[in-house]
Amino acid sequence: MKLASLLVASAATMLAVPAMAQDSGSTARDRSQDFNGPYVSVGGGATLQGSDRGETLVFDTDRDGSYGDQVTTSTGADAFSPGFCNGAATGTANVGCRNDKDGPEFFGRLGLDKRMGNFVVGALIEGGHSVARDSVSGFSTTPASYTMSREADWQASARLRAGYTPGGGALFYVTGGPAYARLDNRFTTTNTANSFADNGKTNAWGYAAGGGAEVMVTNNIAVGLEYLYTDVKDDDYVVNVGAGSAPATNPFLLNGGGTNIQRSDPHFRTHSVRGTLSFRF
């Protein structure tokens, strides 16, 4: 979160410098048309993740489509009694996991604003990519580790926005709308006995909401700073565990010859702090 604090702390400087430039040359620029009409934007920043404490792997041991079954050994003991951790496993024992990965992002945007006095309403479509990764791991008594990770190959949203511009020059706004992400899911395990198959990339749907500020530098160019919260849900990613070379007494096989695994929390939630550069037509 240090990167987020740094970006937020720099917001005042980023917005103040263009504002002073406007004040010094205000007689040369017509502010009445600021934030009115179509525009294109590019931007980038940081994608940050909150805590996913309490997330686990969940199991469907009889493959009836209902998750929450306990994987048991031949003696009836819980095969995953060592527990779970939020992050990627670093070994076969539940003694520490790597934290979820924050990272940079970049995006492009097309938008249209309508200014009515000092109020602005508009709509936009946006697409981009982030390298943030979210993982969860489980540990069996074998011992063995099982890790599910996901990141967005690309993501998009279509949002409305509404804002206030005090006489032009600067715009303060809120935004929100539906969001989509094409998720790249990965599964790794130290279990070499069973077979494992998954369905790889999946589609996730949800919403994005946030707010920000823009400042006109010239009649056509604006710079801005924005915060965006995104929550997309993926119910489709599944890992299918088969026999492989494991004996019939293998915990994954006892209740129907195989087990399906999913994450307990299908939501992929991120916080973005980003700068924007816009050209207005």
Indicate whether any N or O donor in one side chain lies under 3.5 Å from an N or O acceptor in the other, for [X] and [Y].
X: Glu226; Y: Tyr173; answer: yes
X: Asp198; Y: Asn185; answer: no
X: Tyr237; Y: Asn199; answer: no
X: Asn191; Y: Thr189; answer: no
X: Asp234; Y: Thr202; answer: yes

Applying salt bridge (charged side-chain N to carboxylate O under 4.0 Å, His left out), run through Asp113 and Arg161 and close with a yes or a no. CA-CA 9 Å; Asp113 284 333; Arg161 75 173 187 170; 2.8 Å; yes

Verdict with reasoning, Asp231 to Lys233, per salt bridge (charged side-chain N to carboxylate O under 4.0 Å, His left out): CA-CA 7 Å; Asp231 183 343; Lys233 183 179 181 181; over 6 Å; no

Can you confirm if the NZ or CZ of Arg115 lies within 45° of the ring axis of Phe35 and under 6.0 Å from the centre of its six-membered ring?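 Verdict for Phe35: no cation-pi partner in Arg115.
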
Measure the acute angle between the ring planes of Phe80 and Phe84, then classify it against the limits of 30° and 60° as parallel, tilted or perpendicular.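 Ring orientation of Phe80 relative to Phe84: parallel.
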
Tyr229 and His271 aromatic ring geometry - parallel, tilted or perpendicular at 30°/60° bounds: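 Rings of His271 and Tyr229: tilted, as their planes differ by 30° to 60°.
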
Which of these passes salt bridge (charged side-chain N to carboxylate O under 4.0 Å, His left out) with Lys201: Asp153, Asp184, Asp236?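 It is Asp153, the one option of Asp153, Asp184, Asp236 that forms the salt bridge (charged side-chain N to carboxylate O under 4.0 Å, His left out) with Lys201.
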
Under 6.0 Å between ring centres, would you say that holds for Tyr164 and Phe119?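 Yes; Phe119 has its ring centre under 6.0 Å from that of Tyr164.
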
Indicate yes or no: at least one non-hydrogen side-chain atom of Gln155 is less than 4.5 angstrom from one of Ser130.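 Result yes, sub-4.5 Å side-chain heavy-atom pair found.
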
Begin with the C-alpha distance, continue with both residues' side-chain angles, and end with the deciding distance and a verdict on salt bridge (charged side-chain N to carboxylate O under 4.0 Å, His left out) for Arg274 and Glu126. CA-CA 13 Å; Arg274 61 252 289 261; Glu126 179 181 285; 3.1 Å; yes

